[in-house]
Amino acid sequence: MYDNLLANVPTDLYIGGKWRKSSDNQRFDVIDPATEKTVASVASASVEDARAAVDAASIAMEGWAAKKPRERAEVLRKAFELIIRDTERFAKLMTIENGKALPDSRAEVAYAAEFFRWYAEEAVRNIGEVSRAPSSGARIFVQHKPAGVAVLVTPWNFPAAMATRKIGPALAAGCSVVLKPASETPLTMLALMPVMEEAGVPPGVINVVPSRRSGPVVDAMLKDPRVRVVSFTGSTEVGRKLLHAAADNVVKPAMELGGNAPFIVFDDADVDAAIDGAMIAKMRNMGEACTAANRFYVHEKVHDEFAKKLTARMQALKTGNGLDDGVMLGPLVNADTREKVKALVEDAVRKGASVLTGGKAPEGPGYFYPATVLDKVPDSATLLREEIFGPVAALQSFSSEDEVIRRANDTEYGLVAYVYTRDLGRGMRVSERLDFGMIGLNRGLVSDPAAPFGGMKQSGIGREGAHEGLMEFLETQYVSMTW
Ligand code: NAD
């Protein structure tokens, strides 16, 4: 079924605009999580290959940074159009390597491409300022220069969008990049490279080095003085390691890390709208999203209605191979992820949670886990503290605004929180008291290329998207002058 699609996907390293094997000829397998079958064998970059990629990026950067902003913008704009042209091909490829159902994959292609359109528009808005020093009267002239070669490290849950969200602003700023995609899902980015060439990206401006040896490969790049930015999306655990590694050479970090999103439904909420929002916030990408609603707090007056309606909607989702018609829920990405979800549910049930639907993994093949709703989840359940990263909704009830804010904030994460209420005053009051970088107020989706995406506390440092995302790849230079 995949042969036609996979036949044209490159599987080697992409360095300096050329495809090459790894220096020690190592490769690793990519598995389709719906069938557990190997679908491709990809070159696994060595430390030597990583250095070669930084060499290529460094050579290419001078010419790229010197291009007029409009020229860089037009390359990005063309890339946006080409990705949209190829939506179906990219969507199917993502479903094969990640498992997500085709509607999720198609939505991701559109979202991923949109970062190139947005940053095509931002590339021409690198604006500085001039002012007069209050005491000396000298002119303070401020401009923003491309920061240098950027190392980009991305996770498997959004194989396209997490990378374009970094490549777009980096290229707009005039930086060149070395991208290390997740080992579970390297194919999407490899398949994108011929498209980027067609859009006009010169050799060496984007390099892609999949690797099973992520630690040493990324470390070696961060030790190279030409690397000035590390932009990482992934777990807080790996983010901490990269922050340590970045410290040695004082490399500028941008970190998009884990989340533990509360989803709060007040008694004055439109419950049907809250259910629609919950289905997106919880089930987009099978719950494998950093923005996934992890803890549902539902006011005691509407709790039973919400639980009943959510259970019905979850039961109606068709599960299966994400390539099949009508399937909304594909498999999880790998066996470890499914084991983790299973263990978290078992722990909650052992401690007293009741299962309203789901809760039992089917026999293989495929790393499937059913849509699950747990009610009356006790505070001691581990899944209230850790990212579930699966299709499991954990419900609790609450009675007062102060109580729910305290409980929602009681986490080391601070990525996103969702709030449903018809009272906009309450919505804004509660939003301001929530320690989260993003709030979905009567919305189950916050991701938008035009908005600053990012977290507080241990969910990250810096922002992606919006104008702020561009600034992550720029350095501010000030010239003190007089004439
Ligand atoms: P992960 O941290 O395991 O891996 C992310 C990337 O880091 C992969 O490319 C991996 O190969 C690489 N990596 C792993 N160990 C490394 C090391 N020692 N040194 C250098 N690189 C290393 O995360 P994952 O399992 O791929 O993705 C899931 C996590 O990503 C979740 O925690 C999720 O919340 C987070 N995430 C965050 C955002 C966000 O924007 N905040 C978005 C998507 C995913």
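Remember, it's 1-based here, ligands and their atoms both numbered in the order they're listed. Atoms considered below: every heavy atom in the structure, side chains included; atoms not considered: hydrogens, waters and symmetry mates.
Looking at E184 against ligand 1, nothing comes within 4.0 Å, counting heavy atoms. Of the heavy atoms in L257, only backbone atoms (N, CA, C, O) come closer than 4.0 Å to ligand 1. The side chain of R165, and not its backbone, has at least one atom closer than 4.0 Å to an atom of ligand 1 (non-hydrogen atoms only; side chain from C-beta on). When heavy-atom distances to ligand 1 are checked against a 4.0 Å cut-off, F158 has no atom that comes that close, whether in backbone or side chain. With a 4.0 Å heavy-atom cut-off, ligand 1 is reached by the backbone of T233 and by its side chain too.
Using a 4.0 Å cut-off to heavy atoms of A182, the atoms of ligand 1 that qualify are 8 (C), 9 (O). Short contacts between ligand 1 and V153, defined as distances under 4.0 Å to a heavy atom of the residue, involve ligand atoms 6 (C), 7 (O), 9 (O), 12 (C). Residue-ligand proximity, V218 to ligand 1, at heavy-atom distances under 4.0 Å covers atoms 20 (C), 21 (N). Those atoms of ligand 1 with a heavy atom of N157 less than 4.0 angstrom away are 43 (C), 44 (C). Here is the list of ligand 1 atoms found below 4.0 Å of a heavy atom in L415: 41 (N). Atoms of ligand 1 lying under 4.0 Å from at least one heavy atom of W156, given by number and element, are 24 (P), 25 (O), 26 (O), 27 (O). Here is the list of ligand 1 atoms found below 4.0 Å of a heavy atom in G258: 32 (O), 34 (O). Set against the non-hydrogen atoms of M162, the atoms of ligand 1 under 4.0 Å away are 42 (C), 43 (C).
When only interatomic distances are considered, the shortest N/O to N/O separation between S235 and ligand 1 falls below 3.5 Å.
Using cut-offs of 30° and 60° on the angle between ring planes, the pair Y14 and W19 is tilted.
In this structure, the protein non-hydrogen atom closest to atom 35 (C) of ligand 1 is G234 O, 3.1 Å. The protein heavy-atom contact nearest to atom 27 (O) of ligand 1 is P155 CB, 3.3 Å. Of the protein's heavy atoms, T154 O, 3.3 Å lies nearest to atom 8 (C) of ligand 1. Among protein heavy atoms, the minimum distance from atom 21 (N) of ligand 1 is reached at S214 CB, 3.7 Å. Scanning all protein heavy atoms for the shortest distance to atom 19 (N) of ligand 1 gives G215 CA, 3.5 Å. Scanning all protein heavy atoms for the shortest distance to atom 38 (C) of ligand 1 gives C290 SG, 2.9 Å. Atom 33 (C) of ligand 1 has F389 CZ, 3.4 Å as its closest protein atom, hydrogens excluded (heavy atom only).
The CE atom of M283 sits 9.0 Å away from the CE atom of M286 when rounded to the nearest 0.5 Å. Note that CG of L383 and CG of L344 are 5.5 Å apart. Values are rounded to the nearest 0.5 Å. I206 contributes atom CD1, which lies 5.0 Å from atom CG of L171 (distance to the nearest 0.5 angstrom). D29 contributes atom CG, which lies 11.0 Å from atom OG of S44 (distance to the nearest 0.5 angstrom). Between T185 atom OG1 and E97 atom CD the span is 5.0 Å, to the nearest 0.5 Å. Interatomic distance, OG of S231 versus CD1 of I461, reported as 11.5 Å (0.5 Å rounding).
Checked against the 6.0 Å centroid threshold, W156 and F389 count as a close aromatic pair.
Around the CD atom of E48, the shell of radius 6.0 Å holds no more than 12 heavy atoms that belong to other residues, nucleotides or ligands.
Distances from atom 20 (C) of ligand 1 to the heavy atoms of L242, V151, N285, D219 put L242 nearest. In the candidate list T236, D336, V238, V238 is nearest to atom 14 (C) of ligand 1, counting heavy atoms. Among E387, R240, K241, E256, the residue whose heavy atom sits closest to atom 31 (C) of ligand 1 is E387.
In this structure, atom 11 (O) of ligand 1 has a protein heavy-atom contact shorter than 4.0 Å.
The backbone N or O of Y413 lies less than 3.5 Å from no partner atom in the side chain of S459, so there is not a single donor-acceptor pair. Although no hydrogens or angles enter the test, the distance criterion places a donor-acceptor pair under 3.5 Å between the side chain of S22 and the main chain of Q26.
In terms of the ring pair (Phe, Tyr, Trp, His ring centres under 6.0 Å) criterion, residue partners of Y420 (sequence neighbours excluded) are, by chain and number, F263. Partners of D55 by salt bridge (Lys or Arg N to Asp or Glu O under 4.0 Å), not counting sequence neighbours, listed by chain and number: R226.
For the residue pair K166 / T233, a side-chain donor-acceptor distance below 3.5 Å is found, with atom types taken as modelled.
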Practice item. Show your reasoning for whether salt bridge (charged side-chain N to carboxylate O under 4.0 Å, His left out) applies to K252 and E472. Key: CA-CA 8 Å; K252 187 177 179 181; E472 302 285 345; 5.3 Å; no
